Structures are given as structure tokens and as C-alpha cells.
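Source: prediction; values computed, not measured.
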Amino acid sequence: SIISIVPSEGTAAGGTLVTINGHGFVHDAQTVKFGTAPVSGTATSRSQLICYSPPQQTLRIIEVELTSEITAFTNQSIPVLFEYKEAAAIESLSPRSGPAAGHTLVTLFGRGFVQRSHKCSFSGSSHAAPTGARFVSSTLIVCESPPVDEHSRSSVPIGVTVNNTI
């Protein structure tokens, strides 16, 4: 049965990597239902499995349960819930420029930011990996720009990922 899920929210677009904690999972594929939408889950141990949330037409809270072809396994007295939220979007940023050496704190203004693992990506940077981001509020995130090749483009796109989901 399921004890908890992490994270317990994601965007309506789906694709959020969800870790399900519980007991009695088998080491082959399991079916996880988000409301009425089934997805495949993979047991990583007898107490944990992973899956990706399916897309959802509306923003709402739904119950998550494990199923088999025969029966639903969730019989806990407290339902495990997953909330579909609006996708994060960047509306503006400040400052709009900085030195090629990087290390400029860039404030991103937008909507739908949640208090989880954020990363900022600056295309054209000399670093392939995204940089860390500091969550301030649902409308504000702060990132530190990486160094860029001085001979590359004068401006680069910026993006934010949350739990590896754009």
C-alpha cells in the first residue's frame, strides 16, 4: 500500500517524476492510478516505486492508488493525494544583462513557481548543467548566471525547471 508520494503536486501537462513510498511493492511493473488515469510504475525496492504523472485536463486534486488487473491495493484510511497545478511561466527578469564572467543574480518574475527543486538554464553558457535557483515566492525565483564564452551570442535564453520538468 501507499504511505506517501513525493512530490505531491505537478503541472497539468503531466510528466512529473513521482516517488511512491509504501510497502509490498514487487520488482516488476506496477500500475499506478492518478484518479482514473493509469500509468506504469517501476518498483525500485519493496518500499518504493517511481512513475510519471499523467496529463490532466483540469487543475484539481486527485487520489493516487496502486492497482492490479484484479483489484486496487490502496485500502488506507487516509487517501494519498496529488495536486495538479498551473505550469510555471517566466514573465520578466532583472537585470536583463550581466558580464560574461557570470555570477550575476538574476531575478525571475512569473507565476506558478512552487517550493521545490528549481534549476535555471542559460543557453549558450559554458556549463552544460543548469544552475541552482532560490525559491522566494510563487511569483519570484533568483538564479545566478554562469560564465559564458565571450565570443558566443550577446544574449541567451533562460529557462526554469522544477524537479526536472520544464
Search all heavy atoms of [X] against all heavy atoms of [Y] and return the closest pair with its distance.
X	Y	answer
Arg111	Ala87	NH1-O, 3.9 Å
Tyr84	Ser53	OH-CB, 4.0 Å
Ile62	Gly35	CD1-N, 3.5 Å
Cys51	Gly41	CB-CA, 3.9 Å
Phe25	Ala43	CB-CB, 4.1 Å
Ala37	Pro54	CB-CG, 3.8 Å

Do the non-hydrogen side-chain atoms of [X] and [Y] ever get within less than 4.5 Å of each other?
X	Y	answer
Cys120	Val106	no
Phe109	Leu140	yes
Glu144	His103	yes
Phe34	Gln56	no
Lys85	Thr11	no

Report, as yes or no, whether the 6.0 Å neighbourhood of atom CD on Glu91 holds more than 12 heavy atoms from other residues, nucleotides or ligands.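 Check passes, neighbour count above 12.
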
Among Leu49, Val6, Thr44, Ile3, which one satisfies side-chain contact (heavy atoms from CB on, under 4.5 Å) with Ile20?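 Exactly one pass, corresponding to Leu49.
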
Indicate yes or no for a side-chain donor-acceptor contact from [X] to the backbone of [Y] under 3.5 Å, with no hydrogens or angles considered.
X	Y	answer
Ser145	Thr104	yes
Thr16	Val18	no
Ser137	Thr139	yes

Under a single-linkage definition using a 4.5 Å side-chain heavy-atom cutoff for Ile, Leu, Val, Met, Phe, Trp and Tyr, are Ile141 and Leu93 assigned to the same hydrophobic cluster?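 Yes, one cluster joins them.
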
Are Ile2 and Val39 grouped together when hydrophobic residues (ILVMFWY) are joined by side-chain heavy atoms under 4.5 angstrom apart?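 Hydrophobic grouping puts Ile2 with Val39.
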
I need the Phe113 CZ to Glu86 CD distance, nearest 0.5 Å. 10.5 Å

